[in-house]
Each structure stands twice: as structure tokens, then as C-alpha cells.
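Written below as C-alpha cells is the structure these notes are about.
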Amino acid sequence: MKRLACILFFLQFCCHMYAEEPVISNHNNRGVKFKYGLEWGMSGNILNYNISTFITDVQSLVQLKSVDPFFHINGEIKAFAGLDVGNRLNVFIAAGYAGIQKNLRFFPIELNGEFFIKPFYFKGGYFHVGGGWGLCENPNHRNALYGRGGYGYRIDIGNGIAMDIKSCLQVSFSHPDVNDKYTGKTVPIANLRQSNSISLNTIISVALIF
């Protein structure tokens, strides 16, 4: 109880100081600080624009274009490490496992930047942008590219730990399997000439930062 009281008193004191001084002097001279953490999220695939070219079983060349406005949920988990630069900017690298659309999952490696609206003290809102490259789980698929941007809010948990609640839109460029609309079967790799898909996803995630 005594330790909890000390922590509460310290937090109250910091909040009081923060209210009097919009930018705490220590944070004006933060320099560079290392941070790392884990992020869990839910990705909703809401739109896919597909272009595919393939040879049918009767040796005809077919090109298909389609827009798939359906909703499919994927999950994602990432580990990240980066640097707090000054008192507004965070830059980090993340890697993990995620889904783009139905039956298409990959191992992403991305670079992200977070810009806080106010000088942060383990709390506050921020905008984030990022993007990267993904190694597809299926070895028959070419690798994917993607970019994302959105808004997040950081909550101070205590003892140097913070929690982020984040939302964003992601646009990705990938190369999924193609179904032959005449046979209903997946086009063999040997018959596939082109498979390009642009996907739009909404993502909600929670991250723990240490």
C-alpha cells in the first residue's frame, strides 16, 4: 500500500507539473531513447481490385478484372523496436505475421513513424504512417508491398510501460491465387501469367511499449 501511495503521489505530482508547463524541461532534452514492444491487431479486408491473366485448360488466354467488395477478418501480431527522438517523434521497425485478404497471409517487415500532437509523457494522441514488404506464407505467391496510416492514443500504465490503441487504413499490393471461373479450380502456377491485387484494409490494434 505504501508503494502504491508513493506511485499515485508521484503521478499526481507529474500531472500537476505537466499542467503548469506544457513542455517539461526534461523532455525538451530527451535526446534519443530506445523502446520495444508487441502489437496485436484485427484487420478487416473491405475491398480488393484484381487483375489476372492465365491460360485455360483449352489453351485460351484469358484476362479477368474484378472488384470484390466483401468483408473478411484477419489477425496480425508484430514485435517492434525503435527510438524516441526528441519529445514528439518515434521511429521503429516491426516484423511479425499478418493477413491481407482471405487465404493470403504473410510475414511483414515494416518501417513506421509516429508523430505526437503534444510533447509526449507516456500519454497522448499521435498520427502514424508506415509501410513495408511482406514475405508470403505460400511459397507460390510473390511477395507483397503495403503502406498504412492512421491515428493512435498512448496510455501510461506505469513503471515505464505504456499501452497504445491504434487504428489505420492499409493499402497493399499482392499476388494471390486465381480461380478459373470456367472450371471453378485454382489456376496452376504453370498457366498463370499475371495475378495482381490491390487491397484496402481497416486495422484496429493494441500495443504494449516497454
Side-chain angles (χ1 to χ4, degrees), residues 7-8 10-47 73-100 106-134 144-173 198-210:
I7 293 173
L8 292 175
F10 176 73
L11 290 175
Q12 184 179 15
F13 175 76
C14 289
C15 291
H16 177 72
M17 292 296 293
Y18 186 79
E20 292 185 352
E21 293 290 338
V23 179
I24 299 174
S25 59
N26 288 340
H27 290 281
N28 280 332
N29 301 297
R30 284 177 62 95
V32 176
K33 187 174 183 180
F34 177 75
K35 288 294 182 76
Y36 63 95
L38 290 173
E39 182 175 341
W40 302 265
M42 180 182 297
S43 170
N45 177 216
I46 57 178
L47 184 69
I73 295 177
N74 284 300
E76 63 176 50
I77 181 169
K78 297 174 185 175
F80 58 87
L83 301 172
D84 288 344
V85 183
N87 58 4
R88 287 182 185 266
L89 179 64
N90 175 269
V91 180
F92 63 91
I93 296 175
Y97 182 68
I100 298 177
F106 70 137
F107 301 93
I109 300 175
E110 64 185 54
L111 177 65
N112 285 275
E114 299 172 343
F115 184 79
F116 282 74
I117 298 171
K118 295 180 180 180
F120 55 80
Y121 188 61
F122 294 106
K123 64 179 180 180
Y126 61 88
F127 295 99
H128 61 96
V129 294
W133 167 87
L145 298 172
Y146 65 98
R148 59 172 62 183
Y151 179 80
Y153 191 86
R154 179 161 297 175
I155 301 169
D156 179 22
I157 296 178
N159 295 322
I161 302 174
M163 181 177 71
D164 282 7
I165 300 174
K166 304 168 71 174
S167 63
C168 73
L169 283 177
Q170 174 178 290
V171 178
S172 57
F173 180 66
I198 298 174
S199 303
L200 180 64
N201 291 59
T202 59
I203 301 173
I204 297 175
S205 62
V206 176
L208 285 177
I209 300 97
F210 304 95

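I155 is listed as a side-chain neighbour of I165, based on a closest heavy-atom distance under 4.5 Å. No side-chain heavy atom of V129 sits less than 4.5 Å from a side-chain heavy atom of R148. Residues Y151 and I117 are in side-chain contact: their nearest non-hydrogen atoms beyond the backbone lie under 4.5 Å apart. Side-chain contact check for W40 versus K78: every heavy-atom pair is 4.5 Å or farther apart.
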**Asked** Can you check side-chain contact (heavy atoms from CB on, under 4.5 Å) on N45 and L200, steps first, answer last?
**Response** CA-CA 6 Å; N45 177 216; L200 180 64; 5.8 Å; no

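Expressed to the nearest 0.5 Å, how far CG of N74 lies from CD1 of I203 amounts to 9.5 Å. Rounded to the nearest 0.5 angstrom, I209 CD1 and I161 CD1 are separated by 10.0 Å. One distance of note links CZ of F80 with CG of L111; it measures 13.5 Å at 0.5 Å rounding. For the atom pair CG of L145 and CH2 of W133, the computed distance is 9.5 Å after rounding to the nearest 0.5 Å. The OG1 atom of T202 sits 11.5 Å away from the CG atom of L47 when rounded to the nearest 0.5 Å. Atoms CG and NZ, on L83 and K33 in that order, are 12.0 Å from each other to the nearest 0.5 Å.
Counted within 6.0 Å of CD1 on I93, heavy atoms from surrounding residues, nucleotides or ligands total 12 or fewer; the atom is thus considered open.
For the residue pair D164/Y126, the side-chain donor-acceptor check at 3.5 Å is satisfied. Side-chain contact check for E39 and S205: at least one donor-acceptor pair (N or O, by modelled atom type) lies under 3.5 Å. Looking only at atom types and distance, the side chain of E110 has a donor-acceptor partner in the side chain of N112 under 3.5 Å away.
For F210 and Y36, the gap between ring centers is short of 6.0 Å. Residues F115 and F127 keep their aromatic ring centres 6.0 Å or farther apart.
In this pair, F106 and Y146 present their aromatic rings perpendicular. The plane angle is above 60°, beyond the 30 to 60° band.
With salt bridges taken as basic N to acidic carboxylate O contacts below 4.0 Å, none links K166 and E76. A salt bridge links K35 with D84; the closest basic N to acidic carboxylate O contact falls under 4.0 Å.
Proximity of a side-chain donor or acceptor of H128 to a complementary backbone N or O of S167 within less than 3.5 Å is detected. No donor-acceptor distance shorter than 3.5 angstrom exists from the side chain of R154 to the backbone of G125, with no hydrogens or angles considered.
The minimum heavy-atom distance linking N201 with I100 is given by the pair ND2-O, 2.9 Å. In terms of heavy atoms, P108 sits closest to A98 at CD-N, 4.1 Å. Here the closest heavy-atom approach between residue G99 and residue S43 is recorded as O-OG, 3.9 Å.
The side-chain hydrogen bond (donor to acceptor under 3.5 Å, both in side chains) test applied to S199 returns N48, Q101, not counting sequence neighbours. Under the ring-ring contact (aromatic ring centres under 6.0 Å, His included) criterion, Y153 pairs with no residue, sequence neighbours left out.
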